[in-house]
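What follows is a set of notes on a single structure, which appears directly below.
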Amino acid sequence: MALTKVALFLALNLGLIAIVHGNPPMVPTPPLVPTPPIAPTPSNGGSCPINPLKITVCSNVLLLLKLRINVLETEQCCPLLSGLADLDAAVCVCTAIKANLLGLIDVDIPVDLTLLLNHCNKTYPSRFTCSP
């Protein structure tokens, strides 16, 4: 009888140890919150390494260009785009326009994008489309 109690005691202890060490206690993990990308990449290539919020400085330039007022290239917008390839600059400005970060209500995307890129000595890439 004593041997049965010892065997039962050992079996219960081994089972308890296996449960505790084999399955660590459940700790609730915080929910994963998806972080939005800094700049979405259109499907036709290119990427925007600039935070689109910084491109809001281009709204003043675009507005002045639409009003046919002479704007210096040293304005904050062009230096921001200067180190980028034409396609990447187009992606950045397109992203800002689509998110309405330029703050303009009435934007003709192809015309205004081309106008702004040309002003900053960039070329609108022929294979690029910026659709609303």
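With Asp88 contributing its side chain and Gly46 its backbone, the two residues share no donor-acceptor pair below 3.5 Å. Judged purely by atom type and a 3.5 angstrom limit, Lys122 uses its side chain to pair as donor or acceptor with the backbone of Ser82.
Residues passing the side-chain hydrogen bond (donor to acceptor under 3.5 Å, both in side chains) test with Asn118: none are found, sequence neighbours excluded. For Ile69, the side chain to side chain contact (heavy atoms under 4.5 Å, CB included) partners at least two apart in sequence or on another chain are Leu64, Leu67.
Among Leu80, Leu62, Ile50, Leu81, the single residue meeting the side chain to side chain contact (heavy atoms under 4.5 Å, CB included) criterion with Val93 is Leu81.
Ala90 approaches Leu117 most closely through the heavy-atom pair CB-CD1, 3.8 Å. Of all heavy-atom pairs spanning Arg127 and Leu87, the tightest one is NH2-CD2, 3.1 Å. Smallest separation of non-hydrogen atoms from Tyr124 and Leu113: CE1-CD2, 3.2 Å. Here the shortest heavy-atom pairing between Val71 and His119 reads O-CE1, 3.0 Å.
The sulfur atoms (SG) of Cys58 and Cys77 lie less than 2.5 Å from each other.
Taking 4.5 Å as the limit, some side-chain heavy atom of Pro49 sits within range of a side-chain heavy atom of Cys92. Counting heavy atoms from C-beta outward, Cys78 and Asn121 have side chains that stay 4.5 Å or more apart.
Taking CG of Leu53 as the start and OG1 of Thr95 as the end, the distance is 11.5 Å to the nearest 0.5 Å. Rounded to the nearest 0.5 angstrom, Leu63 CG and Asp112 CG are separated by 10.0 Å.
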